Amino acid sequence: MSELVFFSGTMDCGKSTLALQIEHNRSARGLQGMIFTRDDRAGQGKLSSRLGLVTDAVEVEDGQDLYAYLVDHLSQGRRADYVIADEAQFLAPEQIDQLARVVDDLGLDVYAFGITTDFRSKLFPGSQRLVELADRVEVLQVEALCWCGARATHNARTIGGHMVVEGAQVVVGDVNQPDDIGYEVLCRRHHRRRMTAATAHAGALSPDVLPVETA
């Protein structure tokens, strides 16, 4: 049975690397995939990982019907044995519905990769719809780490190393860009405190204390 699988995790946990590995394994067995992506760090029409691996992909446009695109592709006698959708958090909910229809009506496996929440800890609409529709949701086991060494669970947007909590939901950037708009993965504790690596190392950390009322 074909299925829609959502591989989720924070930034920097190897989602795109896994997508490229799935593509490699299947193409090595003579299968041909359709790869969709949106706003990849390497530029339009690319699926890339931070390890330096990259392959060509179809850049998804606003309002594009992914189901119709695949039907047209197959109707021209071309192959698509499976579908990979990277940066799936940037897809519109209706495009996620179209991917589910690819599974149900065309019988193709769809592997979607994306982060679940944005820099404000709010669900991306595309990721929310994937959680609602996916046959399986797989949390990647390669843990990204906060600067403190704890497991990173939240994505933070930074400007000049300082965390910001306002702005457009989608602003393309990458991790480790301290002098520009960038992103950093943090544990919940330090995301809540808006404490990035840069701001933490700028001053001494104060130990947690319980609130005490003075008499």
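Along the sequence shown, residues are numbered consecutively beginning with 1. Nothing here was measured: the structure is a model prediction, and the numbers come from that model.
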Taking ring pair (Phe, Tyr, Trp, His ring centres under 6.0 Å) as the definition, give me every residue that meets it alongside Phe36, ordered by chain and number, with sequence neighbours left out. Tyr69
Output all residues satisfying ring pair (Phe, Tyr, Trp, His ring centres under 6.0 Å) with Phe113, sequence neighbours left out; order by chain, then residue number. Phe7
What is the distance from atom [atom1] of [X] to atom [atom2] of [Y], rounded to the nearest 0.5 Å?
X      : Y      : atom1 : atom2 : answer
Leu130 : Leu99  : CG    : CG    : 7.5 Å
His154 : Met163 : NE2   : CE    : 8.5 Å
Met195 : His190 : CE    : NE2   : 5.5 Å
Ile181 : Tyr183 : CD1   : OH    : 7.5 Å
Leu145 : Cys187 : CG    : SG    : 10.5 Å
Leu133 : Gln128 : CG    : CD    : 10.5 Å

Taking salt bridge (charged side-chain N to carboxylate O under 4.0 Å, His left out) as the test, write out the residues that go with [X], two or more places apart.
X      : value
Arg151 : Glu143
Asp135 : none
Arg129 : Asp97, Glu132
Glu94  : none

Do [X] and [Y] sit in one hydrophobic cluster, given that two such residues count as connected whenever their side-chain heavy atoms are within less than 4.5 Å of each other, even indirectly?
X      : Y      : value
Phe90  : Val185 : yes
Val103 : Val131 : yes
Leu47  : Val110 : no
Ile35  : Val58  : no
Leu4   : Val60  : yes

Could you note down all residue pairs passing salt bridge (Lys or Arg N to Asp or Glu O under 4.0 Å) where residues 106-117 supplies at least one of them, sequence neighbours left out? none
If you look only at pairs with a residue in residues 57-78, which of them pass as a salt bridge (Lys or Arg N to Asp or Glu O under 4.0 Å), with sequence neighbours excluded? Arg38-Asp62
Are the side chain of Gln95 and the backbone N or O of Ala92 linked by a donor-acceptor pair below 3.5 Å? yes
Can any side-chain N or O of Ser27 pair as donor or acceptor with the backbone N or O of Glu23 at less than 3.5 Å? yes
Taking the side chain as every heavy atom from C-beta outward, state whether [X] and [Y] have any pair of such atoms under 4.5 Å apart.
X      : Y     : value
Val83  : Leu70 : yes
Asp56  : Lys46 : yes
Val102 : Leu66 : no

Going by side-chain contact (heavy atoms from CB on, under 4.5 Å), name the residues that satisfy it together with [X], two or more places apart in sequence or in a different chain.
X      : result
Ser8   : Phe6, Thr116, Val137, Val139
Arg26  : Ile22, Leu31, Tyr82, Tyr111
Arg136 : Glu3, Val5, Glu138

Minimum heavy-atom separation for [X] to [Y], with atom names?
X      : Y      : value
Ala197 : Trp147 : N-CD1, 3.5 Å
Ala80  : Met34  : CB-CB, 4.4 Å
Arg79  : His73  : O-NE2, 2.7 Å
Thr199 : Arg194 : OG1-O, 4.0 Å

Decide yes or no on side chain to side chain contact (heavy atoms under 4.5 Å, CB included) for Glu184 and Leu186, but give the supporting numbers first. CA-CA 6 Å; Glu184 182 175 343; Leu186 300 172; 3.5 Å; yes
Return a table of donor-acceptor pairs under 3.5 angstrom between the side chains of residues 119-127 and protein atoms on other chains or two or more places apart.
from	atom 1	to	atom 2	distance (Å)
Arg120	NE	Asp118	OD2	3.2
Arg120	NH2	Asp118	OD2	2.8
Ser127	OG	Ile115	O	2.6

Could you check whether Asp86 pairs with Lys15 (Lys NZ or Arg NE/NH1/NH2 to Asp/Glu carboxylate O, under 4.0 Å)? no
Is there a side chain to side chain donor-acceptor pair (under 3.5 Å) between Gln89 and Glu87 once you walk through the steps? CA-CA 5 Å; Gln89 73 273 6; Glu87 305 293 357; 2.9 Å; yes
Take Thr158 and Val164 through the test side chain to side chain contact (heavy atoms under 4.5 Å, CB included) and record every step on the way to the result. CA-CA 6 Å; Thr158 60; Val164 295; over 6 Å; no
